[in-house]
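In this chain, numbering begins with 1 at the start of the sequence shown.
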Amino acid sequence: MDPIKYFTFSMIISISGIRGILLNRRNIPIMSMPIESMLLAVNSNFLVFSVSLDDMMGQSFALLVLTVAAAESAIGLAIFVITFRVRGTIAVEFFNSIQG
């Protein structure tokens with residue numbers, strides 16, 4: 001197993017995620033998709049290190065990150081739906097007065 005190929009793949013995914021966040025600043029759900037792709041890159045790094053070091057800790061930590069990402073996506077989607085119902089839009093430029 002050559003881990004350099006997998007690290008290169010996860011680096012490309014991570015860089016494209018950063019690029020997606022920086023270039024797309026119009027719509028909040030579309031801004032959250034690159035964050036999920038960066039979490040995928042981190043998970044692939046955990047899995048490659050786990051296999052190359054013959055340790056199960058990386059695989060269990062990747063599973064933990066996946067469950068946290070799923071919970072984060074569900075909560076984020078609920079916030080988007082509530083915001084859309086209250087304000088009528090989820091465009092970023094209209095969020096200058098978010099108050100708690």
J.: Is it the case that one hydrophobic cluster holds both L64 and M56, taking links as side-chain heavy atoms less than 4.5 Å apart, direct or via other members?
T.: no
J.: Within a strict 4.5 Å, meaning less than it, do heavy atoms of the Q59 and L47 side chains meet?
T.: yes
J.: Would you say S14's side chain and M11's backbone share a donor-acceptor pair under 3.5 angstrom?
T.: no
J.: So do the side chains of I75 and E72 get within less than 4.5 Å of each other, counting heavy atoms only?
T.: no
J.: Would you give the length of the straight line joining atom CG of N45 to atom CG of L40, rounded to the nearest 0.5 angstrom?
T.: 10.0 Å
J.: Let's go through S52 and Y6 carefully: what are the C-alpha distance in whole Å and the side-chain angles of both, what is the deciding distance for side-chain contact (heavy atoms from CB on, under 4.5 Å) to 0.1 Å, and is it a yes or a no?
T.: CA-CA 11 Å; S52 66; Y6 297 108; over 6 Å; no
J.: Check the side chains of S50 and D55 for a donor-acceptor pair under 3.5 angstrom, ignoring hydrogens and angles.
T.: no
J.: Looking only at heavy atoms, what is the nearest atom pair of G17 and P34, with distance?
T.: O-CB, 3.2 Å
J.: Can you tell me how far apart CD (E36) and CG (N43) are? Round to the nearest 0.5 Å.
T.: 10.0 Å
J.: For the residue pair F49 and F7, does the interplanar ring angle fall in the parallel (under 30°), tilted (30 to 60°) or perpendicular (over 60°) class?
T.: tilted
J.: Find the distance between OG (S73) and CG (L77) and round it off to the nearest 0.5 Å.
T.: 8.5 Å
J.: With side-chain contact (heavy atoms from CB on, under 4.5 Å) as the test, would you mind laying out the steps for M33 and N24 before giving the verdict?
T.: CA-CA 10 Å; M33 285 182 207; N24 183 15; over 6 Å; no
J.: Which distance, rounded to the nearest 0.5 Å, do you find between the CZ of F46 and the CG of L66?
T.: 10.5 Å
J.: How close do S10 and S44 get, counting heavy atoms only, and between which atoms?
T.: CB-OG, 3.1 Å
J.: Does one hydrophobic cluster hold both F9 and I12, with members joined at side-chain heavy-atom distances below 4.5 Å?
T.: no
J.: Taking a hydrophobic cluster as the set of Ile, Leu, Val, Met, Phe, Trp and Tyr residues connected by side-chain heavy atoms closer than 4.5 Å, whether directly or through intermediates, do F80 and I30 fall within one such cluster?
T.: no
J.: At what distance, to the nearest 0.5 angstrom, does CD1 of I82 lie from CZ of R87?
T.: 13.0 Å
J.: Could you grab the distance from atom OG1 of T8 to atom CD1 of I13, nearest 0.5 Å is fine?
T.: 11.0 Å
